[in-house]
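Remarks on the structure that follows.
Predicted, not measured: the structure shown is a model, and the values here were computed from it.
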Amino acid sequence: MTQSIASIPETHSDWRALAERLSVEEDLEARAYIDDSFVDAASGETFTTLNPATGETLAEVASCDAADAEAAAGVARRAFEDGAWSRSSPGERKAVLLRLADLMEEHQHELALLDSLDMGKPVSSAMGDMAGAIGCIRHHAESIDKLYGEIAPTGEDSLGLVMREPLGVVASIVPWNFPLMMTAWKIGPALAAGNSVILKPSEKSPLSALRLAKLTREAGLPRGVFQVLPGFGHTVGKALALSMDVDCLAFTGSTGVGKQLMQYAGQSNLKKVFLECGGKSPNVIFADCKDLDRVAEHAAGAIFHNQGEVCIAGSRLLVENAIREVFVDKVLAAAERMQPGDPLDPASFMGAMVDQTQYQRVLDYIRQGVEEGATLRTGGQALNVGGANGQGLFIGPTVFDGVTESMAIGREEIFGPVLAVFGFDTEEEAVRLANDSDYGLAAGLWSQDIDRIMRVTRRLRSGQVFVNNWADMDQTVPFGGVKQSGNGRDKSHHSLEEYSDLKTVWISLTPSP
């Protein structure tokens with residue numbers, strides 16, 4: 001699909017018209033991308049990807065399995081050993097990646113539309129994802145020729161060099177909630193470092209990854225350096241994890257799958273595994289915070305953005321009891337302004353749940369919360385959103401108060417628009433509640449007391465702490481967690497370190513006569 005400046009969509013009707021122009025034959029590439037060609041899966045099998053807002057079929061997508069993984073891994077290995085990319089200069093890799101970012105920007109509306117149609121998120125949110133994805137590719141492109149090696153401190157009779165080299169073949173397994181942005185977070189630093197990359201998009205949202213493959217070819221990536229294998233985790237994902245030709249697994253997804261991938265790495269070639277897994281993030285509100293209306297708006301957005309299908313969603317709201325009643329009322333008012341709507345309407349704050357399985361999972365947790373005795377303050381029901389043919393998978397913002405640590409809705413990752421509210425009286429109690437979780441991906445802290453901010457920030461067991469904001473960050477800082485939220489880091493220069501190995505070179509020098 002080629003767009004002119006005049007055709008840039010702005011209104012609901014614009015986006016609907018753009019969506020109607022899509023067709024499987026012309027625009028929705030649904031085949032695997034192996035060795036610079038779009039091909040059917042070796043088995044000939046396909047799976048159906050649906051629009052969760054309407055129930056309509058978008059495409060029949062190639063369902064790759066072990067045979068495809070083996071073929072792609074062999075191609076990636078040959079491409080790496082050939083050196084056209086792995087041994088090219090940082091400046092050469094930079095130029096290609098900057099061309100890729102430019103192409104992504106040129107096609108950003110099409111890419112955003114694919115993600116919106118494929119997984120149900122509002123196009124306004126998808127456009128924000130595109131900005132993040134494009135910025136990520138540019139950031140790593142610009143970084144790669146500005147990172148230096150090291151010279152060890154030695155005597156005059158030797159020279160110690162510390163160099164970074166690409167790992168080899170990287171398999172990137174990305175989730176469905178931010179399809180292209182998570183893809184960029186993985187492939188940006190991996191490609192910049194000189195690796196060959198095999199991308200396994202989620203079977204729930206594969207279309208933008210396949211469209212991206214066309215752009216990588218147009219940008220000038222050498223043959224075999226980037227490939228895309230759509231399919232299921234238990235087939236093609238497992239095969240990549242067990243492949244002896246894959247040197248690294250970069251994964252974002254559930255903690256359970258992350259643990260499986262670590263086992264597969266141990267069963268094969270001890271490949272490196274970088275994980276960004278689940279979260280049950282606390283958002284801690286102290287009574288001295290400034291402007292409760294603004295804070296409540298942020299607290300609601302922290303859980304209801306992207307339908308709550310966010311790994312760092314602020315799903316546990318910890319509020320000092322002195323302001324709890326008034327603050328929760330303000331959160332409820334904010335939630336009323338964040339109702340789901342047609343994803344193709346730029347005014348919609350929330351869209352549809354990604355598929356029937358996730359939709360039912362969220363409803364089951366809501367039912368369990370009621371059964372366990374939490375107070376349902378708002379939401380909790382499936383919604384029939386107009387303009388979506390009555391077939392959409394929509395759930396409104398849901399808030400439970402009176403949640404205790406023993407309740408499933410307060411401990412387990414729901415991955416939906418469900419907020420669990422806890423109360424606390426002291427700083428010590430707030431820290432204990434915040435840290436009482438298997439996860440440690442993100443945490444929020446709202447206070448005007450700088451001493452308290454520093455005390456609590458240091459004690460929170462989390463890879464990221466947002467103070468007087470929620471997730472206001474950019475490409476310059478690393479993203480990742482601790483505990484069962486994973487062990488890797490996306491974004492920033494630190495992610496480039498994940499995709500390279502250190503090599504020590506010790507040179508003995510002949511003494512001068």
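- Within the model, atoms CH2 of Trp15 and OG of Ser124 stand 9.0 Å from one another, a figure rounded to the nearest 0.5 Å.
- With hydrogens and angles disregarded, a donor-acceptor distance shorter than 3.5 Å links the side chain of Thr398 to the backbone of Gly396.
- To the nearest 0.5 Å, the span separating CG on Asn384 from CZ on Phe394 amounts to 9.0 Å.
- The OG atom of Ser13 sits 10.0 Å away from the CD atom of Glu20 when rounded to the nearest 0.5 Å.
- Using modelled atom types, one finds a donor on one side chain and an acceptor on the other under 3.5 Å when comparing Thr252 with Lys186.
- With Ser462 contributing its side chain and Gln464 its backbone, the two residues share a donor-acceptor pair below 3.5 Å.
- Looking at Asp474 and Lys491, no side-chain N of the basic residue comes within less than 4.0 Å of a carboxylate O on the acidic one, giving no salt bridge.
- Side chains of Thr255 and Gln484: a donor-acceptor N/O pair is absent below 3.5 angstrom, by distance only.
- Comment: Asp345 does not engage Arg16 in a salt bridge, judged by the lack of any side-chain N to carboxylate O separation of less than 4.0 angstrom.
- Minimum heavy-atom separation, Gly423 to Asn321: CA-OD1, 3.3 Å.
- Salt bridge Asp102/Arg138: present, at least one basic N to carboxylate O contact under 4.0 Å.
- Side-chain contact between Phe226 and Asp36 is absent, with no heavy-atom pair separated by less than 4.5 Å.
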Derivation of the side-chain contact (heavy atoms from CB on, under 4.5 Å) call for Arg411 and Ser406: CA-CA 7 Å; Arg411 300 198 65 83; Ser406 64; 6.0 Å; no
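- Contact of the His12 side chain with the Leu344 side chain is registered, since non-hydrogen atoms from C-beta on lie closer than 4.5 Å.
- Residues Thr49 and Asp118 have side chains that bring a donor and an acceptor to within less than 3.5 angstrom of each other.
- Side-chain atoms of Val482 and Arg461, non-hydrogen and from C-beta on, do get closer than 4.5 Å to each other.
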Intermediate values then yes/no, side-chain contact (heavy atoms from CB on, under 4.5 Å), Ser116 and Val123: CA-CA 6 Å; Ser116 178; Val123 289; 3.4 Å; yes
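- Remark: the backbone N or O of Gln260 is not paired with any side-chain donor or acceptor of Gln263 at under 3.5 angstrom.
- The shortest side-chain heavy-atom distance between Phe38 and Arg217 falls under the 4.5 Å cut-off.
- Checked by atom type and distance alone, the side chain of Ser485 pairs as donor or acceptor with a backbone atom of Leu441 at under 3.5 Å.
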Worked verdict on Ile137 versus Met104 for side-chain contact (heavy atoms from CB on, under 4.5 Å): CA-CA 9 Å; Ile137 299 297; Met104 291 169 66; 3.9 Å; yes
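- Residues Gln368 and Asp364 have side chains that never bring a donor and an acceptor to within less than 3.5 angstrom of each other.
- Annotation for Leu215 and Leu111: closest pair CD1-CD1, 4.2 Å, computed over non-hydrogen atoms.
- Under the 4.5 Å side-chain criterion, counting only non-hydrogen atoms from C-beta, Arg316 is not in contact with Ser281.
- Between the side chain of Ser348 and the backbone N or O of Asp342, at least one donor-acceptor pair lies under 3.5 Å.
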Stepwise salt bridge (charged side-chain N to carboxylate O under 4.0 Å, His left out) check, Asp438 with Lys280: CA-CA 8 Å; Asp438 293 334; Lys280 191 70 176 177; over 6 Å; no
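- A distance-only check finds a donor-acceptor pair linking the side chain of Glu309 to the backbone of Val354 [under 3.5 Å].
- At a threshold of 4.5 Å between non-hydrogen side-chain atoms, the residues Thr11 and Pro346 do not count as touching.
- Screening residues 293-305 for side chain to side chain donor-acceptor pair (under 3.5 Å), with sequence neighbours left out, gives Asp293-Lys330, Glu297-Arg337.
- Minimum heavy-atom separation, Phe327 to Ala299: CZ-CB, 4.2 Å.
- Note that the OG atom of Ser205 and the CG atom of Leu58 stand 11.0 Å from one another [nearest 0.5 Å].
- The main-chain N or O of Leu275 is found under 3.5 Å from a side-chain atom of Asn487 such that the two form a donor-acceptor pair.
- Here Trp446 and Phe286 keep their ring centres 6.0 angstrom or further from each other.
- Residues meeting the side-chain hydrogen bond (donor to acceptor under 3.5 Å, both in side chains) test with Asp472, sequence neighbours left out: none.
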Criterion side-chain contact (heavy atoms from CB on, under 4.5 Å) on Leu28 and Leu114, from CA distance to verdict: CA-CA 9 Å; Leu28 292 186; Leu114 289 173; 3.2 Å; yes
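- Side-chain contact annotation: Trp176 with Asp355, donor-acceptor N/O pair under 3.5 Å absent.
- In this structure, Tyr499 and Ala250 approach most closely via the heavy-atom pair OH-CB, 3.2 Å.
- Considering only heavy atoms from C-beta on, Leu249 stays 4.5 Å or farther from Phe274 through its side chain.
- The two atoms that bring Met350 and Ile395 nearest to each other are CE-O, 3.3 Å, heavy atoms only.
- Note on Arg489 versus Glu498: no salt bridge recorded, every NZ/NE/NH1/NH2 to OD/OE distance being 4.0 Å or above.
- Ring centroid separation for the pair Phe232 and Phe47 comes in under the 6.0 Å cut-off.
- Rounded to the nearest 0.5 Å, atoms CE (Met182) and CD1 (Ile173) are 15.0 Å apart.
- Judged as a side-chain hydrogen bond (donor to acceptor under 3.5 Å, both in side chains), and not counting sequence neighbours, Arg99 has no contacts.
- Side chain of Gln307 to main chain of Gly416: no donor-acceptor pair is present (N/O by atom type, distance under 3.5 Å, no hydrogens or angles).
- Side-chain contact, Tyr365 with Glu412: a donor N or O sits under 3.5 Å from an acceptor N or O.
- Residues Met353 and Val362 have side chains in contact (heavy-atom distance under 4.5 Å, counting atoms from C-beta outward).
- The number of heavy-atom neighbours closer than 6.0 Å to NZ of Lys238, taken from other residues, nucleotides and ligands shown, is 12 or below.
- Salt-bridge check for Arg367 with Glu371: passed, with a basic side-chain N closer than 4.0 Å to an acidic carboxylate O.
- Looking at Asp68, its side chain never comes within 3.5 Å of a backbone N or O of Ala41 through a donor-acceptor pair.
- In this structure, CD1 in Ile198 is found 13.0 Å from OH in Tyr33, a value given to the nearest 0.5 Å.
- Glu56 places no side-chain N or O within donor-acceptor distance of the main-chain N or O of Pro52, the cut-off being under 3.5 Å.
- Within a 6.0 Å sphere centred on CD of Gln381, other residues, nucleotides and ligands contribute 12 heavy atoms or fewer.
- Checked for salt-bridge contact, Asp40 and Arg31 miss the test: no charged N lies under 4.0 Å from a carboxylate O.
- Side-chain atoms of Ser208 and Asp115 include a donor-acceptor pair closer than 3.5 Å.
- Environment of CD in Glu405: crowded, with over 12 heavy atoms of neighbouring residues, nucleotides or ligands closer than 6.0 Å.
- In terms of heavy-atom proximity, Ala443 sits nearest to Leu460 at CB-CD1, 4.0 Å.
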